[in-house]
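Working notes, structure below.
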Amino acid sequence: MTISFETLIDFGLAIGESPVWDTTRNVLWFVDIVAPSIHWLDPKTRKSAAYAMPSAVGSLAFAQDGRLVAALRSGIHLFDPARETLDFLVHPEPDRTTNRLNDGRIGPDGCFWVGSMHDAIPRAASGALYRITPTGACERVIDGLKVSNGLAWSPDARTMYHADSRASSNAGEIRAFDFDARSGRLGRARSFAVLTEKDGLPDGAAVDVNGLYWSAGVTAGCINRFSPDGVLVDSMTLPVSAPTMPCFGGPDGKTVFVTSLATDRSGSAETGTVIAFRTETTGVSEAVFGNMRDDAGSCAAEPRRAREAEQ
């Protein structure tokens, strides 16, 4: 099958990340980590807007009342696009000043799961993964990470996927954890996949309704798709050298959006961007902060309003 790729923005990103599809307003949200800024984009009209952030913004997710959860270097905030305000919730690691927050996502338990990374090279294992409740309670779940990434959950909510993009000097590792959606507790862990730079170090990820785990191969210009038992199904070459994260969206849920970062890996300077392509499947629904998934593969019926800021 021939895949047609489309570039959706006419401006460059330094580190494009964390694409999430808003089913209510039919827009894509994403961040530029180091700009730092939060963006929305209407893929149909190409209209877009950017909101400047006070510090590096690693990821975002949906909250109640049209707000977004934003993981800034200064901590977790609730961002209201309509009023352009940030309300501080909690800082998971104020004592780890060399870190910044990175990949984050709402889990089936309704909590915001977010990881951190050592923000210098060479990477030190000072990063961690945190579970944040809507009241701001914070629990450190995994420690000793270099670059926390790749969060996603299986359609039945019984498995959580998580990656350390720089688990070793020459490879990243994805692990799969047994997951209890009621308590938000992790169970047995197993190594799911180990990927070298040539394979594509594991960055952001998504899971489709068939249970395939789609991992952005940030160092190889590809998306690696794995079966639920960790078998590499295929590796899809992309027209960007450094893809950072895929997500499913569009009116029918069958468009894959992919963010990327600026790089010269191909031998020439390449800016970060957002691309899209059509697929035959849909993704697991994005959850809302504070809403526990009410059954396997779906989320409680809470509106995800992403109101456009007043022009």
Side-chain angles (χ1 to χ4, degrees), residues 1 3-6 8 16-21 23 28-30 43 59 61 102-108 113 115 147-165 172-177 179 191-196 198-250 252-261 272-287 297:
M1 182 179 66
I3 298 175
S4 177
F5 296 97
E6 186 177 10
L8 298 181
E17 262 286 9
S18 194
V20 287
W21 179 256
T23 58
L28 182 76
W29 293 89
F30 59 96
S59 54
N102 199 45
D103 186 56
R105 196 166 222 153
I106 308 297
W113 292 69
V147 183
S148 182
N149 240 322
L151 280 167
W153 280 263
S154 61
D156 64 6
R158 295 179 180 177
T159 302
M160 184 188 86
Y161 300 98
H162 176 263
D164 186 342
S165 299
E173 182 181 22
I174 304 166
R175 291 196 292 170
F177 296 82
F179 187 78
S191 181
F192 184 74
V194 175
L195 297 159
T196 66
K198 183 178 179 181
D199 301 325
L201 293 178
D203 205 305
V207 170
D208 67 30
V209 293
N210 298 314
L212 293 186
Y213 179 84
W214 298 49
S215 172
V218 67
T219 55
C222 66
I223 290 178
N224 292 307
R225 296 198 305 167
F226 294 91
S227 67
D229 54 359
V231 174
L232 180 64
V233 174
D234 58 42
S235 185
M236 179 188 304
T237 300
L238 301 176
V240 292
S241 298
T244 54
M245 185 174 177
C247 86
F248 290 85
D252 64 357
K254 293 184 177 181
T255 298
V256 178
F257 300 95
V258 185
T259 48
S260 69
L261 57 81
T273 191
V274 181
I275 63 171
F277 62 92
R278 298 286 292 166
T279 186
E280 296 178 352
T281 187
T282 59
V284 174
S285 300
E286 292 290 339

Beyond-backbone contact of [X] with [Y], side-chain heavy atoms, under 4.5 angstrom:
| X | Y | answer |
| --- | --- | --- |
| D203 | E17 | yes |
| P239 | I275 | yes |
| P43 | F257 | yes |
| D164 | S148 | no |
| F192 | T159 | no |
| V284 | W153 | no |
| P155 | V207 | yes |

Which atom pair, heavy atoms only, marks the closest approach of [X] to [Y]?
| X | Y | answer |
| --- | --- | --- |
| L151 | D103 | N-OD2, 2.9 Å |
| A287 | G107 | CB-O, 3.8 Å |
| L28 | P19 | CD1-CB, 4.1 Å |
| L238 | P243 | CD1-CB, 3.6 Å |
| L201 | T219 | N-OG1, 3.0 Å |
| G104 | S59 | N-OG, 3.1 Å |

Please round to the nearest 0.5 Å and tell me the distance separating atom [atom1] of [X] and atom [atom2] of [Y].
| X | Y | atom1 | atom2 | value |
| --- | --- | --- | --- | --- |
| T255 | E6 | OG1 | CD | 9.0 Å |
| I223 | F277 | CD1 | CZ | 4.5 Å |
| E173 | L195 | CD | CG | 9.5 Å |
| E286 | C247 | CD | SG | 7.0 Å |
| W214 | M236 | CH2 | CE | 5.0 Å |
| R225 | D234 | CZ | CG | 4.0 Å |

Answer yes or no: is there a donor N or O on one side and an acceptor on the other, between the side chain of [X] and the main chain of [Y], under 3.5 Å?
| X | Y | result |
| --- | --- | --- |
| S215 | A205 | no |
| S235 | N224 | no |
| N102 | V147 | no |
| S260 | G272 | no |

* Asked: When you check the side-chain N and O atoms of S191 and R175, is any donor under 3.5 Å from an acceptor?
  ->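 There is no such pair (donor and acceptor under 3.5 Å, judged by atom type) between the side chains of S191 and R175.
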* To do: Quick one: sort the F179 and W113 rings into parallel, tilted or perpendicular, breaks at 30° and 60°.
  =>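 Because their plane-to-plane angle is over 60°, the rings of F179 and W113 count as perpendicular.
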* Fit a plane to each ring of Y213 and F226, take the angle between them on a 0 to 90° scale, and name the class: parallel (under 30°), tilted (30 to 60°) or perpendicular (over 60°). =>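 Answer is tilted, since the angle falls between 30° and 60°.
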* Would E280 and K254 satisfy side chain to side chain contact (heavy atoms under 4.5 Å, CB included), going step by step from the backbone distance to the final call? -> CA-CA 6 Å; E280 296 178 352; K254 293 184 177 181; 6.0 Å; no
* Can you check side chain to side chain contact (heavy atoms under 4.5 Å, CB included) on F248 and T281, steps first, answer last? -> CA-CA 9 Å; F248 290 85; T281 187; 4.0 Å; yes
* Asked: Are more than 12 heavy atoms from other residues, nucleotides or ligands located less than 6.0 Å from atom CZ of R158?
  ->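 Atom CZ in R158 is not packed in, count stays at 12 or less.
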